[in-house]
Protein chains: 2
Amino acid sequence: MLDIAARLFREQGYGSVSLRKIAEAAGIKAGSIYYHFGSKDEIVAAVLDAGIRVVHENMRDAVTDLRADADGETVLRAAIRAHLRALIDVSDYTSANVRIFGQVPQSVRDANLPTRRAYEAEWDSLLSQLKKDGTLKQDVDIRRLRLMLIGTLNATLDWFDPDRGSADALSRTYADVFLNGILQRQDT
Amino acid sequence: MLDIAARLFREQGYGSVSLRKIAEAAGIKAGSIYYHFGSKDEIVAAVLDAGIRVVHENMRDAVTDLRADADGETVLRAAIRAHLRALIDVSDYTSANVRIFGQVPQSVRDANLPTRRAYEAEWDSLLSQLKKDGTLKQDVDIRRLRLMLIGTLNATLDWFDPDRGSADALSRTYADVFLNGILQRQDT
DNA sequence: ACACCTAACTAACGCCTGTTAGGGTAATAA
DNA sequence: TTATTACCCTAACAGGCGTTAGTTAGGTGT
């Protein structure tokens, strides 16, 4: 049921997905949804929360699964890759979240905030450590960098076409640019 | 009239802005809109097109206004800054475009495509030249880089708060990261 | 056999939507 | 003065929306 709703939300956005559409895709009638959920907001809130939880777990697992002696660059690349994979390959919930978050009523957004904050804190913690251990430049603003990073990754959803490349290849490009920039070096 | 529609679309998204809301904000009744426009789609299409045109002009002007001997890095920084300013400081049309493009009916999206392609071509042309003249690394994929750049800039709309910093300061951060990366250099 | 629970159904409610038809009013042109 | 144009209004239309109330069928436990 939630799976279906998430898929529709990802494909069509919040406003275009009515309870009747969800019901039809689930093979039941609209009114029957109210046996399982109390309202449309409740459904969409559940989808949003699951979306963040999935990407959060994916990202954390990808980092903790690394060997303990992995260097900072490797860790950051793994985190970027995990976020992008959750978005593109793994979960309709995560992609639906990114897609419709800006379209849902304020109250639903607010309900999703704690879960988001936790995920953001995970990133901030990671980036802070990389800064402290000298992997990152000392003048980076953690919050800004995190917003920029996640913003860039999430924006992928607007144009990504699986026929033109894999999520993994793209995540490598992203990491290359973020880590080293695009400027031709003079010192080589 | 279009100004008002663009502002509402930027603030509330496509689905939440009815013709009655636009009419009220304009001080007239809903039916009267049909004296000026043939349909809601026509209004939103006009807003979308104007949005791209504004950011396109801003970006092109920012680049051509530079002294002829400006180096590649300066040119790219100017383009980034112009896009971000159009999005944040200059135009409700541009921000509305970015905000609602993913929410409008397919037909309206399609109508906006030619204008978008022209703007994308402007970026591709700029980046190609920077690659040819050695400013950029030789292994960058122009299309990917453009999608990543514009995606990153546009994503700003989701979280930017004018109380926490200016668009110009942010554009400098963006340019710093894109040009040089965030990795601490060993050779300094 | 009886009571209960689960999961669905039908039918309707009030509300909001984009859109249209027909009418009015003030300014402008002949 | 008359005709025309520009602009807005009212009132309604059909259709979709989220939601609710009441009902029904099948399975489970006692």
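Below, read A as the first sequence line, B as the second, and so on, with proteins coming before strands; counting in each chain starts at 1.
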Salt-bridge contact [X]-[Y] (side-chain N to carboxylate O under 4.0 Å):
| X | Y | answer |
| --- | --- | --- |
| A:Asp124 | A:Arg143 | no |
| A:Arg77 | A:Asp176 | yes |
| A:Asp92 | A:Arg7 | no |

N or O in side chain of [X] less than 4.0 angstrom from [N] OP1/OP2:
| X | N | answer |
| --- | --- | --- |
| A:Ser18 | D:dG16 | no |
| B:Tyr35 | D:dC7 | yes |
| B:Lys29 | D:dT10 | yes |
| A:His36 | C:dT6 | no |

Expressed in angstrom and rounded to an integer, what is the separation of [X] atom [atom1] from [N] atom [atom2]?
| X | N | atom1 | atom2 | answer |
| --- | --- | --- | --- | --- |
| A:Ile33 | C:dC9 | CD1 | P | 10 Å |
| A:Lys40 | D:dC17 | NZ | C1' | 8 Å |
| A:Leu19 | D:dT20 | CG | P | 11 Å |
| A:Glu24 | C:dC9 | CD | P | 12 Å |
| B:Tyr34 | C:dG22 | OH | C1' | 17 Å |
| A:Met1 | C:dT6 | CE | P | 18 Å |
| A:Ile43 | D:dG18 | CD1 | C1' | 11 Å |
| A:Tyr14 | D:dC17 | OH | P | 12 Å |

Subject >> Whichever of A:Gly15 and B:Ile28 has its nearest DNA chain D nucleotide further upstream toward 5' >> reply: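 First, find each residue's nearest nucleotide; the 5'-ward one identifies B:Ile28.
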**OP:** Have a look at A:Ser32 and say if it touches a base, only the backbone sugar-phosphate, or nothing, with a 4.0 Å heavy-atom cut-off.
**Re:**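 Base contact.
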Original post:
Does any N or O donor sit under 3.5 Å from an N or O acceptor when you compare the side chain of A:Arg20 with the base of D:dG18?
Top reply: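 Side chain to base: pair found, below 3.5 Å.
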Subject >> Residue closer to the 5' end of DNA chain C, B:Ala30 versus A:Gly27 (nearest nucleotide) >> reply: A:Gly27
Subject >> A:Tyr174-A:His83 aromatic ring centre distance below 6.0 Å >> reply: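 For A:Tyr174 and A:His83, the ring centres are not under 6.0 Å apart.
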Original post:
Would one find more than 12 heavy atoms of other residues, nucleotides or ligands at under 6.0 Å from atom CD of A:Glu11?
Top reply: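 More than 12 within 6.0 Å, yes.
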